[in-house]
Amino acid sequence: MEHATDEEIERFMTGGLEPARFRQVLRHLLHCPDCQRRLGPLGMTAFRRSPRFELADNSVYDAVLDRAFGKVAGELARAEKEKARRERILAAARQDRRGIVGALDHDDELPSRSVVEVLLELSYEARYRDPGEMLQLAFAAEYASRNLDAQYLPALIADLQARALAELGNAYRVNDDFDAAEDAFARAGDRFDEGSGDALLLARLLDLQASLRSAQRRLPEAIELLKSLVVLYEQIGERHLAGRALIKTGINTYYTGRPREAVAFLRTGLEMIDPVRDPKLVLTGQQNLLHVLVDAGELQEARQLLLESDLRRKLAAEPLNLLRLRWTEGKIHAGQDKHWRAEAIFREVRDGFLEHEMEYDAALVGLELIEVRLRMGRRADVAELALEILETFEDLGVEVEALRAMRYLVEACRDDLATPGMAARVRSFLRPLDPEPRLQLGS
């Protein structure tokens with residue numbers, strides 16, 4: 001949220017804020033030294049010392065102020081206790097071979113905010129390693145959020161339940177259960193409406209829903225959600241997260257077939273993100289920009305970015321991402337008519353994907369190989385490769401339209417009638433049908 005106004009600070013101190021706004025201001029004060037200083041010496045003491053607020057001279061303050069400080073004291077004490085419990089459970093879960101189950105065996109308290117947050121964090125950490133485990137942990141977090149004890153304010157419980165439901169929806173998305181994801185997000189929206197109206201929570205919901213729409217290939221809806229997210233983050237002063245949302249907007253725009261427009265979103269997003277805060281995001285954003293620049297025909301800028309970003313070194317320990325980088329490098333050479341270099345790189349990348357049993361990726365690179373060989377006049381070297389690619393698509397069960405386009409190319413190669421443009425059109429046709437888009441930014 002934005003900094004509290006002077007009037008809100010005064011009403012916070014005297015107990016005149018609406019309950020929902022009181023909680024928003026309180027959460028902001030917990031993390032904002034600037035606003036803490038605006039409380040004055042007494043208020044700063046409240047936020048810097050033990051949460052038992054021992055007033056220097058109670059006679060100076062009226063009963064309303066006492067009640068206000070009592071309320072703040074209770075929230076701060078609980079926040080500190082929850083934070084300590086959360087860290088304790090998380091550390092135990094990471095050390096115990098049984099994970100969260102083992103950690104909770106030694107925690108005999110009722111479900112708390114700490115337990116829910118730990119489950120959500122562990123779920124998020126599992127998203128690439130084990131999607132099934134991600135879903136199980138998210139489900140456990142949502143269940144725990146529905147069984148919290150009565151110590152929490154109703155709006156806080158609603159916020160936590162909305163967050164847990166949204167993360168559960170995201171876990172369903174990662175596991176390709178889009179119907180269950182839709183249901184979870186709908187329930188998350190209902191719980192959010194009963195909560196504090198926290199802007200960052202709303203932003204998280206929009207972000208995850210945009211990822212679902214993207215996975216469903218409802219790209220225009222994803223883009224509209226992301227544009228709203230950019231505005232929201234800018235309103236609350238989160239420039240870095242606004243930049244991240246712009247990068248995601250660029251990725252989705254690219255998949256609608258507008259690479260030049262996507263380049264603009266990606267450039268702006270990269271300028272806004274904080275490299276210290278999230279160096280991995282910079283790396284991912286640069287990879288995506290490089291890929292889209294090539295497709296937009298901006299080969300000179302792509303080549304310059306490849307050299308200046310030092311992506312080869314940064315991705316040395318990530319073989320799959322390094323293969324994709326080499327693939328893009330091959331495209332740059334092909335676009336600059338350095339066909340022999342491009343052909344060698346495409347063969348290397350295709351072999352690499354096959355070694356990793358990534359048949360779809362290998363087939364797409366194979367189409368690049370066909371195109372560049374046709375440009376080199378090597379017509380005799382494409383018919384067998386085209387047939388291999390068709391068989392791969394048939395085995396993978398790609399959509400009928402894609403198979404029809406590929407069969408047309410196979411026949412043209414057999415009859416010595418294939419052209420580079422034919423291979424390029426088949427690649428272009430396959431892009432929106434890609435079951436695992438190359439450009440991604442995880443949620």
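For the pair Asp395/Glu359, no side-chain contact is recorded, criterion being any heavy-atom separation below 4.5 Å from C-beta on. Side-chain contact between Ile370 and Ile389: present, with at least one pair of heavy atoms (C-beta onward) separated by less than 4.5 Å. Between Leu385 and Leu369, the closest side-chain pair of non-hydrogen atoms falls below 4.5 Å. At a threshold of 4.5 Å between non-hydrogen side-chain atoms, the residues Leu306 and Leu325 count as touching. The shortest side-chain heavy-atom distance between Leu137 and Glu133 falls under the 4.5 Å cut-off. By the 4.5 Å heavy-atom criterion applied to side chains, Tyr254 and Asn252 are not counted as neighbours. In this structure, Arg163 and Arg204 have side chains that are not in contact, with every pair of non-hydrogen atoms separated by 4.5 Å or more. No side-chain heavy atom of Leu135 sits under 4.5 Å from any side-chain heavy atom of Val174.
Nearest heavy atom pair, residue Ala138 against residue Leu168, reads CB-CA, 3.9 Å. A pairwise comparison of heavy atoms in Ala302 and Val294 identifies CB-CG2, 3.9 Å as the closest pair. Ala166 and Leu205 make their closest contact through CB-CD1, 3.8 Å (heavy atoms, listed as atom of the first residue, atom of the second, distance). Closest approach of Gly250 and Ala262 over heavy atoms only: O-CB, 3.2 Å. The minimum heavy-atom distance linking Ala334 with His339 is given by the pair O-CE1, 3.8 Å. Ala418 and Cys413 get closest at one heavy-atom pair: CB-SG, 3.7 Å.
A distance-only check finds a donor-acceptor pair linking the side chain of Thr256 to the backbone of Thr253 [under 3.5 Å]. Using a distance-only test at 3.5 Å, with no hydrogens or angles considered, a donor-acceptor pair links the side chain of Thr249 to the main chain of Ala245. Between the side chain of Arg260 and the backbone N or O of Ala296, at least one donor-acceptor pair lies under 3.5 Å. Of the possible polar contacts, none joining the Arg326 side chain to the Val349 backbone as a donor-acceptor pair under 3.5 Å is found. In this structure, the side chain of Asn175 engages the main chain of Pro131 through a donor-acceptor pair within 3.5 Å.
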For a side-chain contact (heavy atoms from CB on, under 4.5 Å) check, start with the C-alpha distance between Met358 and Leu323, then their side-chain angles and the critical distance, and finish with the verdict. CA-CA 11 Å; Met358 299 176 66; Leu323 276 174; over 6 Å; no

Checking Trp340 against His333 for the side-chain contact (heavy atoms from CB on, under 4.5 Å) test, could you report, in this order, the C-alpha distance in whole Å, the side-chain angles of both residues, the deciding distance, and whether it holds? CA-CA 9 Å; Trp340 64 274; His333 288 306; over 6 Å; no

Apply salt bridge (Lys or Arg N to Asp or Glu O under 4.0 Å) to the pair Asp159 and Arg191, showing each step before the final yes or no. CA-CA 7 Å; Asp159 282 355; Arg191 296 306 289 141; over 6 Å; no

Evaluate salt bridge (Lys or Arg N to Asp or Glu O under 4.0 Å) for Glu271 paired with Arg267, printing each intermediate quantity in order. CA-CA 6 Å; Glu271 290 171 0; Arg267 281 191 190 124; over 6 Å; no

Ring pair (Phe, Tyr, Trp, His ring centres under 6.0 Å) between Tyr233 and His240, intermediate numbers included: CA-CA 8 Å; Tyr233 276 138; His240 170 83; 9.3 Å; no

Does the pair His291 and Asn288 meet the rule for a side-chain contact (heavy atoms from CB on, under 4.5 Å), with working shown? CA-CA 5 Å; His291 184 104; Asn288 288 334; 5.7 Å; no

Set out, in order, the CA-CA distance, both residues' side-chain angles and the distance that settles side-chain contact (heavy atoms from CB on, under 4.5 Å) for Glu371 and Leu367, then state yes or no. CA-CA 6 Å; Glu371 182 180 346; Leu367 286 170; over 6 Å; no

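Note that CG of Leu226 and CD1 of Ile247 are 11.5 Å apart. Values are rounded to the nearest 0.5 Å. Here CG of Asp274 is found 10.5 Å from CG of Leu241. Values are rounded to the nearest 0.5 Å. If you take OG on Ser309 and NZ on Lys314, they are separated by 6.0 Å, rounding to the nearest 0.5 Å. Distance check, rounded to the nearest 0.5 Å: CG of Leu390 to CG of Leu409 gives 9.5 Å. Atom CZ of residue Phe192 and atom CG of residue Leu165 lie 13.5 Å apart, to the nearest 0.5 angstrom. Put simply, CZ on Arg127 and CG on Leu122 are 12.5 Å apart, with the number rounded to the nearest 0.5 Å.
Between Ser214 and Lys248, the side chains place no donor N or O within less than 3.5 Å of an acceptor N or O (distance only, hydrogens not considered).
Residue pairs satisfying the salt bridge (charged side-chain N to carboxylate O under 4.0 Å, His left out) criterion with at least one member in residues 222-242, sequence neighbours excluded, are listed as follows: Glu238-Arg277. Counting only residues at least two apart or in different chains, ring pair (Phe, Tyr, Trp, His ring centres under 6.0 Å) contacts with residues 257-277 are absent. Contacts classified as side chain to side chain donor-acceptor pair (under 3.5 Å) and involving residues 382-393 (residues at least two apart or in different chains) are given here: Arg350-Glu388.
Checked against Leu246 for a side chain to side chain contact (heavy atoms under 4.5 Å, CB included), the options Ile251, Ile273, Leu266, Val230 give a single hit: Val230. When each of Arg375, Arg427, Arg373 is paired with Glu368, the salt bridge (charged side-chain N to carboxylate O under 4.0 Å, His left out) condition holds for Arg427 and for no other.
A salt bridge is absent between Glu329 and Arg341; no separation between the charged side-chain nitrogens and carboxylate oxygens falls under 4.0 Å. Between Asp361 and Arg324, at least one side-chain N (NZ, or NE/NH1/NH2) sits under 4.0 Å from a carboxylate O, which counts as a salt bridge. In summary, Arg407 and Glu411 do not engage in a salt bridge, as defined by a charged side-chain N under 4.0 Å from a carboxylate O. Salt bridge status for Arg146 with Glu142: present, with a side-chain N to carboxylate O gap under 4.0 Å. A salt bridge links Glu182 to Arg213: one of the charged nitrogens lies within less than 4.0 Å of a carboxylate oxygen.
With sequence neighbours left out, Arg187 forms a side-chain hydrogen bond (donor to acceptor under 3.5 Å, both in side chains) with Asp183. Shown here are the ring pair (Phe, Tyr, Trp, His ring centres under 6.0 Å) partners of Phe393, two or more places apart in sequence or in another chain: Tyr360. Residues passing the side-chain hydrogen bond (donor to acceptor under 3.5 Å, both in side chains) test with Asp190: none are found, sequence neighbours excluded.
The cationic group of Lys331 lies under 6.0 Å from the six-membered ring centre of Trp327 and within 45° of the ring axis, placing it in a cation-pi geometry.
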